[in-house]
Enquirer: 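What follows is a single structure, and I will ask about it in a moment.
This one's a predicted model, so the numbers in the text were calculated from it and none came from an experiment. Order of the sequence lines fixes the chain letters, A, B, ..., with proteins taken first and strands second; residue numbering starts at 1 for each chain. Just so it is clear, the values below take in all heavy atoms, side chains as well, and ignore hydrogens, waters and symmetry mates.
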Amino acid sequence: MEAEGRVPGPPPLPPAGGGIGAELPAIPPGAARAPLLGAPAEVLELDDEEDDLEVFSKDTSLAEANSFSPSMTISPSSMINQYKFEDEPELRDLFITVDDPESHITAIETFITYRVITKTSRGEFDSCEYEVRRRYQDFLWLKSKLEEAHPTLIIPPLPEKFIMKGMVERFSDEFIETRRKALHKFLNRIADHPTLTFNEDFKIFLTAQAWELSSHKKQGPGLLSRMGQTVRAVASSVRGGVKNRPEMFTEMNDYMETFSQKINVLDKIAHRIYKEEREYFNEMKEYGPIHTLWSASEEDIADSLKGVASCIDKCCKATEKRMAGLSENLLPILHEYVLYSEILMGVLKRRDHIQSELDSKIDALANKKADKDLFSEEIGKLEDKVECANNALKADWDRWKQNMQCDMRSAFTNMADNNLHYYEECLATWESFLASQTVDCHGEEDSEDRP
Amino acid sequence: DEPVPAEGRHTAVPGRALHEGTQQMEDCLAKKMEITVSEAEKRTGRNAMNMQETYTAYLIETRAVESQNEGQCSPVDSLWRRYSEFELLRNYLLVTYPHIVVPPLPEKRADFVWHKLSADNMDPDFVERRRIGLENFLLRVASHPVLCQDKIFYSFLTQEGGWKEMVNETGFQLKADSRLKALNATFRVKNPDKRFTELKHYSDELQSVISHLLRVRARVADRLYGVYKVHGNYGRVFSEWSAIEKEMGDGLQSAGHHMDVYAASIDDILEEEEHYADQLKEYLFYAEALRAVCRKHELMQYDLEMAAQDLTSKKQQCEELATGTMRTFSLKGMTSKLFGQETPEQREAKIKILEEQIQEGEEQLKSKNLEGRDFVKSAWADIERFKEQKNRDLKEALISYAVMQISMCKKGIQVWTNAKECFSKM
């Protein structure tokens with residue numbers, strides 16, 4: 001998906017304290033606990049005990065504010081550091097599932113909606129359980145709103161609109177299921193994100209009824225203006241907004257270029273392996289039965305032949321399981337990170353664009369001695385903007401890298417596990433066949449009679 | 001070109017060929033003589049049309065089996081033979097012993113190949129597998145109670161020069177031509193021995209099912225090769241990726257190494273499987289030899305039936321001439337009716353000739369009957385021997401296939417256990 005550059009709109013949360021911008025992660029009242037960081041966890045059912053653990057108060061006066069415990073330092077980086085290593089699943093207070101795809105047919109179009117169920121104990125939610133229906137368009141809307149609000153945060157990827165490669169039809173069961181899983185992941189990644197989880201549009205997405213959502217969507221910059229922003233952002237990046245780019249972000253850029261390359265190749269490799277395994281499976285399906293056919297014209301070796309046939313059939317089934325493991329685990333994760341690499345390149349571009357605004361204003365100031373004071377104030381604001389953008393990106397980058405490492409580790413470990421189980425199953429099958437054959441052999445050697 | 005090295009390669013299992021349990025085996029050649037096809041060498045020479053050709057020559061080594069008392073090693077005799085000479089030997093055996101299921105030669109051209117395997121006769125892997133197949137052929141013949149006593153076979157093993165001439169002097173070629181014609185002819189036998197009819201069906205089924213199996217096996221091998229080799233790409237990309245990762249780098253790099261090991265392991269695995277395929281191929285070709293014996297029986301039976309039919313009709317003719325009645329329509333009878341009867345002298349002469357022919361015919365029929373019964377008896381004995389050999393060999397082959405699969409699984413478990421450990425450290 002093309003990352004669209006955005007001029008940040010009004011911050012979703014009112015700033016508190018001195019001059020801290022919109023990019024700070026919101027802190028729940030009490031500040032003692034933080035939302036989950038780390039790998040996207042499975043959706044867990046809320047335990048009853050968790051209610052006792054909750055430090056939330058339903059005091060609405062606190063709900064909107066970024067309140068801090070006075071003893072804490074008010075620097076952005078220390079805020080961010082606080083969340084980095086808290087990784088306890090029990091701290092989740094927002095659980096989302098996406099399921100139950102349903103087809104809707106109108107005079108104009110056919111589309112699919114998905115059921116989105118949210119369970120939460122958060123105070124800012126009026127209820128603790130919500131059930132809504134959303135279509136793909138709604139997810140697209142949510143993503144663009146998040147990008148708009150947080151241009152230098154890493155918004156999780158959405159599944160693609162269409163799948164060009166592969167022979168999956170638009171509304172095939174396979175396509176819908178793959179999309180459903182990806183949408184589920186998308187919402188959960190947002191829920192796990194320290195900042196995004198408190199985004200207002202996210203809340204509306206999860207809770208609003210269909211008509212409420214449509215009317216809410218109509219507010220804010222329209223599609224055309226958003227498109228204009230994209231053009232400007234791309235143009236500005238072409239003009240070269242990389243003049244004073246901090247070393248860190250150049251490193252990030254270089255890293256992303258290589259990472260993007262590698263992840264794309266890995267994605268291709270994994271798909272190719274899946275394809276080869278499927279072809280192998282198809283041939284194996286034919287291989288086993290030939291032995292059974294042969295056994296029909298034999299007497300003495302009929303049992304051995306049937307034994308081999310049965311082993312081959314079992315290995316065939318094991319291959320099917322191995323393929324399923326690939327398609328359920330490794331393939332979706334690799335694909336997600338292919339999308340992530342595009343997103344990250346976009347985020348880096350947007351950061352550069354924000355910086356280039358500052359740089360060009362500074363240049364303008366250097367050339368025009370007039371309106372110095374006005375410029376200084378504007379420059380001050382832009383400097384803050386750049387600092388916030390950079391900090392937000394840096395924090396999110398670190399978090400993303402940690403998640404990526406975790407995801408990759410688990411995905412590849414799972415792949416290795418799949419293969420292990422496959423070989424273990426096949427081994428057991430053939431060993432038991434061999435045992436049966438050697439028993440027979442000894443039987444024959446002992447017996448005096450020949451058939 | 002260098003001859004194929006002697007170490008670490010497969011040999012045909014002599015024990016297998018010697019494993020016949022019956023008393024006759026005590027006298028077979030294989031017990032008295034060690035036979036190996038130990039080397040293969042590329043040669044160039046001129047063929048019958050004086051054109052230059054390249055071929056492979058195989059070194060046959062023979063050595064008398066040392067008796068227990070002597071502590072010495074007997075000397076090794078050796079000579080070189082090429083594939084076409086093996087073919088000549090086999091054709092000779094086929095013609096000379098039609099009641100024997102003659103062991104087959106390894107294939108002339110590589111068939112049932114999966115794509116990575118070369119179909120080139122000069123390919124070293126093909127040559128190596130053929131060497132083993134030729135050794136196996138010689139051992140099978142040497143351990144056959146009847147065939148091992150053949151002098152041409154013995155000379156093949158021991159006499160380098162003049163062997164071809166010796167074979168041709170037996171005049172077997174004439175028989176070979178008529179045999180070939182007969183095998184291809186279609187005719188209907190009225191009373192074949194049911195066992196042979198069943199056996200022919202069996203050999204057809206065996207041929208069909210083994211061909212099918214070999215074809216699919218080749219495709220399975222192809223696909224398996226693909227699965228393993230694509231994993232090799234992981235090795236390369238992990239290594240490149242590890243260069244930009246600080247914490248994940250080590251795990252990625254070492255996992256990549258295991259992926260390379262995994263990808264490389266398929267080559268040996270599939271090479272082993274080729275030997276299994278060769279074992280099946282031998283019985284695919286044996287099916288042809290079985291069918292040849294059945295055909296021979298049919299031929300003899302047909303011959304017998306034709307002779308009996310001829311005899312019956314001659315007897316009838318004789319009777320008609322003697323009694324003057326015409327029970328069956330004959331052109332001669334009609335013409336004689338139209339153009340006048342024969343003279344009594346003519347009739348007498350005819351009857352005499354017929355009676356001579358009838359006597360000859362009866363003797364021939366008797367001997368043909370005897371021949372037929374002898375053939376059936378000795379052929380069936382060899383077929384029973386063959387059946388037992390086939391059951392033993394195929395069961396062993398299936399077991400060895402299972403052993404190969406087990407080895408492949410164990411290798412897989414090892415590699416993926418290692419890879420998993422590396423991944424979990426990422």
Enquirer: Please indicate whether B/Asp250 has more than 12 foreign heavy atoms, meaning atoms of other residues, nucleotides or ligands, lying under 6.0 Å from its CG.
Expert: no

Enquirer: Take A/Trp430 and B/Tyr401 through the ring pair (Phe, Tyr, Trp, His ring centres under 6.0 Å) test and state the conclusion after the steps.
Expert: CA-CA 9 Å; A/Trp430 286 106; B/Tyr401 185 72; 5.6 Å; yes

Enquirer: Run the salt-bridge test on B/Arg217 and A/Glu283 with the 4.0 Å N-O cut-off and return the result as yes or no.
Expert: no

Enquirer: As an exercise: rank A/Thr413, A/Leu293, A/Asp254, A/Asn419 by heavy-atom pairs under 4.5 Å with chain B and give me the winner.
Expert: A/Asn419

Enquirer: Name the member of B/Ala255, B/Ser424, B/Ala419 that forms the most heavy-atom pairs with chain A at distances under 4.5 Å.
Expert: B/Ser424

Enquirer: Does any backbone or side-chain atom of A/Phe259 lie under 4.5 Å from a heavy atom of chain B? Answer side chain, backbone, both or neither.
Expert: both

Enquirer: Counting heavy-atom pairs under 4.5 Å with chain B, which one of A/Asn282, A/Thr258, A/Asn418 comes out on top?
Expert: A/Thr258

Enquirer: Drop me the distance from A/Met408's CE to B/Phe423's CZ, to the nearest 0.5 angstrom.
Expert: 11.0 Å

Enquirer: Rounded at 0.5 Å granularity, tell me how far CG in B/Leu224 sits from CD in A/Glu279.
Expert: 13.0 Å

Enquirer: Locate the shortest heavy-atom distance separating A/His291 from B/Leu213; write the atom from each residue and the value.
Expert: NE2-CD1, 3.6 Å

Enquirer: Would you say the side chain of B/Lys410 lies within less than 4.5 Å of the side chain of A/Glu431, judging by non-hydrogen atoms?
Expert: yes

Enquirer: Take A/Lys401 and B/Glu245, measure what salt bridge (Lys or Arg N to Asp or Glu O under 4.0 Å) needs, and give me the verdict at the end.
Expert: CA-CA 10 Å; A/Lys401 280 219 74 185; B/Glu245 297 291 346; 3.3 Å; yes

Enquirer: I'd like to know if the side chain of A/Arg409 and the backbone of B/Met426 have a donor-acceptor N/O pair within less than 3.5 Å.
Expert: yes

Enquirer: Select one option (side chain, backbone, both, neither) describing which atoms of B/Ile210 are under 4.5 Å from chain A's heavy atoms.
Expert: side chain

Enquirer: Take A/Gln402 and B/Glu247, measure what side-chain contact (heavy atoms from CB on, under 4.5 Å) needs, and give me the verdict at the end.
Expert: CA-CA 10 Å; A/Gln402 264 202 318; B/Glu247 286 153 34; over 6 Å; no

Enquirer: Looking at NZ of A/Lys275 and CZ of B/Arg223, how far apart are the two atoms once the value is rounded to the nearest 0.5 Å?
Expert: 6.5 Å

Enquirer: When you look at CD of B/Glu421, are more than 12 heavy atoms from neighbouring residues, nucleotides or ligands closer to it than 6.0 Å?
Expert: no

Enquirer: Could B/Lys390 and A/Glu298 be called an ion pair, given the rule that one side-chain N must be under 4.0 Å from one carboxylate O?
Expert: yes

Enquirer: Can you tell me how far CD1 of B/Ile406 sits from SG of A/Cys426, rounded to the nearest 0.5 angstrom?
Expert: 11.0 Å

Enquirer: What residue in B/His201, B/His258, B/Arg219 has the most heavy-atom pairs under 4.5 Å with chain A?
Expert: B/Arg219

Enquirer: Out of B/Lys425, B/Glu205, B/Lys229, B/His212, which one racks up the most heavy-atom pairs below 4.5 Å with chain A?
Expert: B/His212

Enquirer: At a heavy-atom separation under 4.5 Å, does A/Ala296 approach chain B through its side chain, its backbone, both, or neither?
Expert: neither

Enquirer: Quick one, A/Lys262 with B/Phe238, criterion side-chain contact (heavy atoms from CB on, under 4.5 Å). Give me CA distance, side-chain angles, the key distance, then yes/no.
Expert: CA-CA 8 Å; A/Lys262 299 309 156 197; B/Phe238 282 169; over 6 Å; no

Enquirer: Looking only at heavy atoms and a cut-off of under 4.5 Å, which of A/Glu425, A/Gln261, A/Met404, A/Glu299 has the most pairs with chain B?
Expert: A/Met404

Enquirer: In Å and rounded to the nearest 0.5 Å, what is the OH to CD1 distance from A/Tyr423 to B/Ile413?
Expert: 9.5 Å

Enquirer: Quick one: are B/Tyr228 and A/Glu276 in side-chain contact, heavy atoms under 4.5 Å?
Expert: no

Enquirer: Could you tell me how the ring of B/Tyr234 sits relative to the ring of A/Phe412: parallel (under 30°), tilted (30 to 60°) or perpendicular (over 60°)?
Expert: perpendicular

Enquirer: Heavy-atom distance under 4.5 Å to chain B: side chain of A/Arg278, backbone, both or neither?
Expert: neither

Enquirer: Would you call B/Lys395 and A/Asp300 a salt bridge, taking side-chain N to carboxylate O under 4.0 Å as the test?
Expert: no

Enquirer: Nearest 0.5 Å please: distance from the CG atom of B/Leu206 over to the CH2 atom of A/Trp294.
Expert: 6.0 Å

Enquirer: Using a cut-off of under 4.5 Å for heavy-atom pairs, which of A/Ile273, A/Ile301, A/Leu266 has the most such pairs with chain B?
Expert: A/Ile273

